[in-house]
Amino acid sequence: MANVLDLRRRIRSVKNTRQITKAMKMVSAAKLRRAQERALQARPYAQMISSVLESLVRRSDLYSEETGDVRHPLLVEREEKNVLVVVIAGDKGFAGAFNSNITKAAHAFINGRRSQGQNIDIEPIGRKARDLIGKRYPAAVYEKKEEHYDNDLATHYEVIRHRAAQIEVTGDHPTLLNKVDINDVSCMAHSIVERYTRAEIDSVYIVYNEFKSVIAQRVVVEKLLPIRKLGSHEITVAEEMTEEQKEAAAHAARTSGVSLTVPEETMVESEAKKFGTAEVDYIFDQTPEKLFRHLMPKYVTTQIFHALLESVAAEHAARMTAMDSATNNAGDMIDALSLEMNRVRQAAITKEIIEIVSGAAAL
């Protein structure tokens, strides 16, 4: 049995840990509020892009009158032989099962596609996704080949990929979540659009944590390409929160001053929705092909940007909940150790009294 001095040291250590977890909880709550505000600020632009494209689709034919082909390659549907999976997890730990739930959903989806004989490329976003995905699947192998043209002094390079496995990691973005910047997201989206346009991949899926509020979130697998319906999210797999998880998240939010309600639609968003469905004869200066070519990549960029913002907010919410549970558990442990210390001290005092009484009786 531990003595009083050891128990006091343990209580002091647990109290220090409780202070750290409580501070981390409040920091995560502050970051969560900022992440929610940023996600709300990005909504009007995303809604307007969707509304403009929806309006264009309603007022023009998706198929060219001259060639009969679809006006934009991102609308073309092909047999899914090569699939790209973008896995968005977190950058840090201490977030409970946040990262493991995302990677678990990604592995389940990838294994299902592998059983169908499809080739799968993976692009993890975030350090935890890179570490957890990179341990299981090999990285893609590329070869840079020089090409020389007649009467051309410049050296040209062609990158050739040698597929060695059915599932490969084609790239990672470990620093993209540090500060979600639209320019970095645009570069990533441009690469995905180029690969889909060249028919290197036949579909694109995103695995991330969809966030509406602290108690309204779920891990989803969303189909990004090809685009079937503008302005809507095509969810193929979804894992909802359990009642126990909702209760823990609600307790953490209430004690941190974070709202539990889903933010209401703003007037700007409602007006943006009317733009796409309004019965007004708009006049477009450019041809539908040119408009699609310019707006479709921006639409894909906003979809990825939206998923990243929601994932960041969900990570802070998960860390806030985990630190709240850790703080409560530390309090319970302090109470249990204090009770044990009092018992040990009382037992020591009783033993000393008995020894004194026994010695006096012996005299």
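Source: prediction; values computed, not measured.
A salt bridge is defined here as a Lys NZ or Arg NE, NH1 or NH2 lying under 4.0 Å from an Asp or Glu carboxylate O, and Glu315 with Lys128 fails to meet this definition. With respect to Lys223 and Glu80, a salt bridge is recorded, a charged nitrogen being found less than 4.0 Å from a carboxylate O. A salt bridge does not link Asp324 to Lys22: none of the charged side-chain nitrogens sits closer than 4.0 Å to a carboxylate oxygen. Ion pair Asp202/Lys81 not flagged as a salt bridge, since none of the NZ, NE, NH1 or NH2 atoms sits closer than 4.0 Å to an Asp/Glu carboxylate oxygen. Using a cutoff of 4.0 Å between basic side-chain nitrogens and carboxylate oxygens, Glu37 and Arg33 are not scored as salt-bridged. One finds no salt bridge joining Glu239 and Arg218 here, because no Lys/Arg side-chain nitrogen approaches an Asp/Glu carboxylate oxygen to under 4.0 Å.
Note on Ile122 and Ile201: separate hydrophobic clusters, where clusters join Ile, Leu, Val, Met, Phe, Trp and Tyr whose side-chain heavy atoms are under 4.5 Å apart, directly or indirectly. One hydrophobic cluster holds both Ile235 and Leu224 under the rule that ILVMFWY side chains link at heavy-atom gaps under 4.5 Å. Cluster membership for Val237 and Ile206, using ILVMFWY side-chain heavy atoms within less than 4.5 angstrom, is not shared.
Judged purely by distance below 3.5 Å, without hydrogens or angles, the side chains of Lys25 and Thr321 never pair a donor atom with an acceptor atom. Side chain to side chain, Tyr205 and Glu222 fail the donor-acceptor criterion of an N or O pair below 3.5 Å.
Heavy-atom contacts from other residues, nucleotides or ligands closer than 6.0 Å to CE of Met241 number more than 12. Annotation: Arg78, atom CZ; neighbour count of heavy atoms from other residues, nucleotides and ligands within 6.0 Å is above 12. No more than 12 heavy atoms of other residues, nucleotides or ligands shown are found within 6.0 angstrom of CZ on Arg10.
When all heavy atoms are compared, the tightest approach of Gly126 to Asp91 is CA-OD1, 3.4 Å. Contact between Pro174 and Arg130 at its shortest, heavy atoms only, is CB-NH1, 3.5 Å.
Here the side chain of Asp184 pairs no donor or acceptor atom with the backbone of Val180 at under 3.5 angstrom. A donor-acceptor pair under 3.5 Å is formed between the side chain of Glu310 and the backbone N or O of Phe211. At distances below 3.5 Å, at least one donor-acceptor pair connects side-chain atoms of Glu168 with backbone N or O atoms of Ala165. Not one N or O on the side chain of Glu200 forms a donor-acceptor pair closer than 3.5 Å with the backbone of Tyr196. A donor-acceptor pair under 3.5 Å links the side-chain atoms of Thr236 to the main chain of Val221, judged by distance alone.
The list of ring-ring contact (aromatic ring centres under 6.0 Å, His included) pairs with a residue in residues 300-324, not counting sequence neighbours, reads His233-His306.
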Item to check | Pair Val258-Val214, side-chain contact (heavy atoms from CB on, under 4.5 Å): steps then yes or no | outcome: CA-CA 8 Å; Val258 178; Val214 176; 3.8 Å; yes

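Taken to the nearest 0.5 Å, the CG atom of Asn99 stands 12.5 Å off from the NZ atom of Lys92. Considering CD1 of Ile215 and CD of Glu243, their distance stands at 9.5 Å, rounded to 0.5 Å.
Results of the side-chain contact (heavy atoms from CB on, under 4.5 Å) test with Met323 over Thr21, Val27, Asn328 single out Thr21 as the only residue that passes.
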